[in-house]
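Notes follow the structure.
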Amino acid sequence: MSGGQAVFIKKLKPLLPFTGTLCIVLLFHFSKVYVLKFYPVIVNSFIFCVFFASLFCRETVIQKFAKKMEGGVLDDFTRNYTRNLTYVWCVFLFINLSISIATVFMSAKIWELYNACISYIALGMMFGVEYIVRIILRARHKKHAR
């Protein structure tokens, strides 16, 4: 493989999850393969299990992300916030998983609507609300820490 091809592949790498999901949705839409309806269930199960299992570790997945972003050290406020946030994400992910399981037994249109649209909107809203809450709580914490 030449250097130009390697650079091209590295540039496309971030698009692989999106492309894979799009291919699965299109394949399902244009075929009658019932097993494909379980794709979101498998993905949601994996993500939920990773977050849930991390609750039983010294550091949760979110704490590990925060450590990398904060330069390796977390204060008590951030450590507590990220652990609690992991609980919140587990609840969200469990609900998302439950709905994706339910849609397997519904019509193709409902399955597509939820798994290719609504679940992504909900995920984006979760990220957005969490970001706003984080900013507000950090400001309050800094104000009270003075």
Side-chain angles (χ1 to χ4, degrees), residues 3 5-29 33-146:
Q5 289 174 329
V7 171
F8 180 72
I9 291 172
K10 280 187 178 183
K11 286 183 179 180
L12 290 180
K13 196 173 183 178
L15 296 175
L16 287 177
F18 171 76
T19 305
T21 302
L22 182 63
C23 288
I24 295 293
V25 169
L26 290 174
L27 185 63
F28 172 74
H29 182 74
V33 180
Y34 188 73
V35 175
L36 292 175
K37 280 185 148 183
F38 285 95
Y39 172 74
V41 173
I42 294 166
V43 171
N44 288 325
S45 295
F46 175 75
I47 296 169
F48 170 73
C49 286
V50 167
F51 274 72
F52 185 73
S54 78
L55 289 171
F56 301 98
C57 298
R58 196 170 60 88
E59 287 185 331
T60 67
V61 171
I62 297 176
Q63 286 174 326
K64 290 178 182 180
F65 285 135
K67 258 180 128 174
K68 288 191 186 250
M69 293 178 71
E70 298 287 327
V73 179
L74 299 178
D75 60 14
D76 288 338
F77 171 78
T78 305
R79 197 174 309 106
N80 291 333
Y81 175 78
T82 52
R83 179 159 289 277
N84 290 332
L85 182 60
T86 306
Y87 285 108
V88 172
W89 271 103
C90 282
V91 170
F92 173 82
L93 292 168
F94 182 77
I95 292 169
N96 192 40
L97 170 62
S98 300
I99 295 171
S100 69
I101 291 170
T103 63
V104 166
F105 306 103
M106 297 179 183
S107 72
K109 297 289 183 197
I110 292 174
W111 180 89
E112 286 180 41
L113 177 65
Y114 184 77
N115 291 292
C117 184
I118 295 172
S119 66
Y120 289 103
I121 292 169
L123 186 67
M125 289 175 61
M126 181 71 176
F127 273 115
V129 168
E130 187 279 321
Y131 182 72
I132 292 167
V133 168
R134 184 180 350 143
I135 290 171
I136 292 168
L137 291 179
R138 271 193 179 169
R140 283 185 188 166
H141 174 71
K142 286 182 181 178
K143 182 179 175 183
H144 291 296
R146 291 181 193 170

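Fair warning: this is a prediction, and the values are worked out from it, not measured in the lab.
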Taking only residues two or more places apart in sequence or in another chain, which ones pass ring pair (Phe, Tyr, Trp, His ring centres under 6.0 Å) with [X]?
{"X": "Phe65", "result": "none"}
{"X": "Phe18", "result": "none"}
{"X": "Phe56", "result": "Phe52"}
{"X": "Phe77", "result": "His141"}

Name all residues meeting the side chain to side chain donor-acceptor pair (under 3.5 Å) criterion together with [X]; count only those two or more places apart in sequence or in a different chain, and write none if there are none.
{"X": "Glu130", "value": "Tyr81, Arg134"}
{"X": "Ser54", "value": "none"}
{"X": "Asn80", "value": "none"}
{"X": "Ser45", "value": "none"}

Pair Phe38 and Trp111, ring centroids less than 6.0 Å apart:
no

Can you name the residues that form a side chain to side chain contact (heavy atoms under 4.5 Å, CB included) with [X], not counting sequence neighbours?
{"X": "Asn96", "answer": "Asn44, Tyr114, Ser119"}
{"X": "Lys64", "answer": "Glu59"}
{"X": "Arg79", "answer": "Gln63, Asp76"}
{"X": "Thr19", "answer": "Leu15, Cys23"}

Spacing of [X] atom [atom1] and [Y] atom [atom2] [to the nearest 0.5 Å]:
{"X": "Lys37", "Y": "Asn115", "atom1": "NZ", "atom2": "CG", "result": "9.5 Å"}
{"X": "Leu97", "Y": "Phe94", "atom1": "CG", "atom2": "CZ", "result": "6.5 Å"}
{"X": "Cys49", "Y": "Leu93", "atom1": "SG", "atom2": "CG", "result": "10.0 Å"}
{"X": "Leu85", "Y": "Thr78", "atom1": "CG", "atom2": "OG1", "result": "11.5 Å"}
{"X": "Ile62", "Y": "Thr82", "atom1": "CD1", "atom2": "OG1", "result": "7.5 Å"}
{"X": "Phe46", "Y": "Phe51", "atom1": "CZ", "atom2": "CZ", "result": "10.5 Å"}

Any non-hydrogen side-chain atom of [X] less than 4.5 Å from a side-chain atom of [Y]?
{"X": "Ile47", "Y": "Val50", "answer": "no"}
{"X": "Tyr120", "Y": "Thr21", "answer": "yes"}
{"X": "Leu55", "Y": "Arg83", "answer": "yes"}
{"X": "Val88", "Y": "Met126", "answer": "yes"}
{"X": "Thr86", "Y": "Val61", "answer": "no"}

